[in-house]
2 protein chains.
Amino acid sequence: MGAGEQRGRKPRADVQRNRAALLETAQRHFLQHGVGTSLEAVAKEAGVGPGTLYRHFPTREALLAAVLQTRSEELVARQADIDQLGDPAEALEQWLRAMEEYFSAFSGLPDPLMAAARAQEPDNPLTIPCDILISATDQYVRAAQRAGRVRASVRGHDLFLAACSIAWIKGNGTEEESLDRLRMLIASGYRQRDAQA
Amino acid sequence: MGAGEQRGRKPRADVQRNRAALLETAQRHFLQHGVGTSLEAVAKEAGVGPGTLYRHFPTREALLAAVLQTRSEELVARQADIDQLGDPAEALEQWLRAMEEYFSAFSGLPDPLMAAARAQEPDNPLTIPCDILISATDQYVRAAQRAGRVRASVRGHDLFLAACSIAWIKGNGTEEESLDRLRMLIASGYRQRDAQA
DNA sequence: CATCAAAACGGATGCTGCCTCCGCATGTAT
DNA sequence: ATACATGCGGAGGCAGCATCCGTTTTGATG
């Protein structure tokens, strides 16, 4: 039972076509109208019936998770760059910004993400990406802590929540200036105070 | 033109009755099902038709604002207690908690509040309460700054956003422990660092 | 108390979106 | 070419929103 599949039959050609069309269309609609966009409209524009959409993606979250897959890979790619940085504090900061942008991909995205982040929702397709992000954040936090740049009481989970909140606020139309101030505030909160006196 | 009204006619009795019934029922439904509750259901349970509901409260936000009025008064009452405190830093902290509880009154409340908080929505009935809260927060911030307990770069608006975010996270079912940590993080962010060395 | 007109009521209505179910067609193996 | 599994898609039931208009209620007036 390795990775190679094909148990019994070859998968039909139309299902792949439809799935691809749905994903492509859904991404466009999520971009334009946010995560609350009409699924019926997505199906129609993808040239399939509602039934087909729901068979491929039983819930809105499932569709969202599938669409997000692409973006997740971009995030991972970014991670490579970030890991090049010598300064772990700088790396953490950049990672937080990267996550924030990821959360801001579609308007309204932070809500389902937060809903999935609280564990005990094992069937929610968004839970896995969330958990990955949280533990990745924790890695950066720990590295920065080892370098004495971040307070010891901080957890990756905390900064995940913070990044998600900021994306949520941003999605509600707050001016970038206010966001910058809030980011500063949070940064002041997690940074280790230099014993400079 | 004082406060006494009665221009032309005496207001009809049924409108007051209906308005009161609607507010009472709406509050219950908001409590039980969140701000997204069915307005039709509210109307039905209040014993009026949908038309009557929409005449009294043209939008969901209008109804929400009216229901929130009561709670706002409780907040103001709390303010009196808080103002008694000698320590302006303690006062700020308590005020933030009070706001957070206010934002958590109904599940989903932070979203419409945030939407109203970005100005340039003068017709949104929630804008006024928001502005009041923001400037009240700013008062507490300034007092604490005068006492040298809060960093100079912080604005009331920032902490308003922070409190709203925390309420939003709370509403999404995150455990209280994570919230506490986040509150700590934010507090570390706005507090003036003591020149203690 | 009877009458009138303004004001408010409320439900029927049209609309949009969600999600399911099942007869039909499409594609794959023999 | 045939058979059969598999997937398709649209019709349809449901719920909620918001509006419009014929009817009722209510306060004012004599």
Side-chain angles (χ1 to χ4, degrees), chain A residues 5-26 28-30 32-66 106-108 111-112 115 123-125, chain B residues 4-26 28-30 32-67 106-108 111-112 115 123-125:
Chain A
E5 293 323 315
Q6 181 173 352
R7 95 130 128 260
R9 236 169 225 256
K10 188 201 288 183
R12 286 173 55 155
D14 44 356
V15 7
Q16 295 191 349
R17 233 182 323 117
N18 285 331
R19 186 186 156 88
L22 281 169
L23 284 175
E24 201 275 333
T25 310
R28 269 211 325 282
H29 280 238
F30 283 147
Q32 288 189 359
H33 311 294
V35 298
T37 194
S38 160
L39 297 187
E40 279 200 358
V42 170
K44 191 181 304 184
E45 192 175 316
V48 306
T52 299
L53 189 156
Y54 284 102
R55 190 168 335 96
H56 281 273
F57 309 102
T59 67
R60 183 180 298 270
E61 282 73 33
L63 177 56
L64 199 49
F106 313 126
S107 146
D111 292 83
D123 50 344
N124 187 324
Chain B
E5 293 321 317
Q6 185 174 346
R7 92 130 130 260
R9 238 170 222 255
K10 190 201 287 183
R12 285 174 57 154
D14 45 355
V15 2
Q16 295 191 349
R17 232 179 325 117
N18 286 332
R19 186 186 157 89
L22 281 169
L23 284 176
E24 202 275 332
T25 310
R28 271 209 327 281
H29 280 239
F30 283 147
Q32 289 189 1
H33 311 294
V35 298
T37 195
S38 160
L39 297 188
E40 279 199 3
V42 170
K44 191 181 303 182
E45 192 175 316
V48 306
T52 299
L53 190 157
Y54 284 103
R55 191 170 333 98
H56 281 273
F57 308 103
T59 67
R60 184 179 296 271
E61 282 73 32
L63 177 57
L64 198 50
V67 169
F106 313 127
S107 146
D111 293 84
D123 50 345
N124 188 325

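Not measured: the values here are computed from a predicted model.
Atom P of nucleotide D/dT25 and atom CD of B/Gln16 are separated by 19 Å, given to the nearest angstrom. One atom, CG of A/Leu63, and another, C1' of C/dC18, lie 14 Å apart when rounded to the nearest Å. In this entry the distance linking CD of A/Glu61 with P of C/dC19 reads 9 Å, nearest Å. Rounded to an integer number of Å, the gap from A/Arg12 CZ to D/dG7 P is 6 Å. Going from atom CZ of A/Phe57 over to atom C1' of D/dG9 covers 16 Å, rounded to whole Å. The distance from atom CZ of B/Arg9 to atom P of C/dA5 is 11 Å, rounded to the nearest whole Å. The separation between A/Leu22 atom CG and D/dG7 atom P is 14 Å, rounded to whole Å.
In this structure, the side chains of A/His56 and A/Val15 come closer than 4.5 Å at one or more pairs of heavy atoms. Counting heavy atoms from C-beta outward, B/Val67 and B/Phe106 have side chains that approach closer than 4.5 Å.
Taking 4.0 Å as the cut-off between side-chain N and carboxylate O, B/Glu40 and B/Lys44 do not count as a salt-bridged pair.
Residues meeting the ring-ring contact (aromatic ring centres under 6.0 Å, His included) test with A/His29, sequence neighbours left out: A/His33. Scanning for side-chain hydrogen bond (donor to acceptor under 3.5 Å, both in side chains) contacts around B/Asn18 gives an empty result, with sequence neighbours left out.
Heavy atoms of B/Thr37 sit under 4.0 angstrom from primed sugar atoms or phosphate atoms, though from no base atom. Heavy atoms of B/Arg17 sit under 4.0 angstrom from primed sugar atoms or phosphate atoms, though from no base atom.
OP1 or OP2 of D/dC17 lies within a sub-4.0 Å distance of a side-chain N or O belonging to B/Ser38. For the OP1/OP2 pair of C/dA8 and a distance below 4.0 Å, the side-chain nitrogens and oxygens of B/His56 include no atom meeting the criterion. Within the 4.0 Å cut-off from OP1 or OP2 of D/dC17, at least one side-chain nitrogen or oxygen of B/Arg60 is found. Close to C/dA8, at under 4.0 Å from its OP1 or OP2, lies no side-chain N or O of B/Asn18.
Scanning residues 41-54 of chain B for heavy-atom distances under 4.0 Å to DNA chain D yields B/Pro50, B/Gly51, B/Tyr54.
With DNA chain C read from its 5' end, the first of the two nearest nucleotides for A/Leu39 and A/Arg55 is the one closest to A/Leu39. Taking for each of B/Glu40 and B/Asp14 the nucleotide of DNA chain C with the nearest heavy atom, the 5'-most of the two is the partner of B/Asp14.
Remark: the backbone N or O of A/Val42 is not paired with any side-chain donor or acceptor of A/Arg28 at under 3.5 angstrom.
Among all heavy-atom pairs drawn from A/Ala62 and A/Pro58, the shortest one is CB-CD, 3.9 Å.
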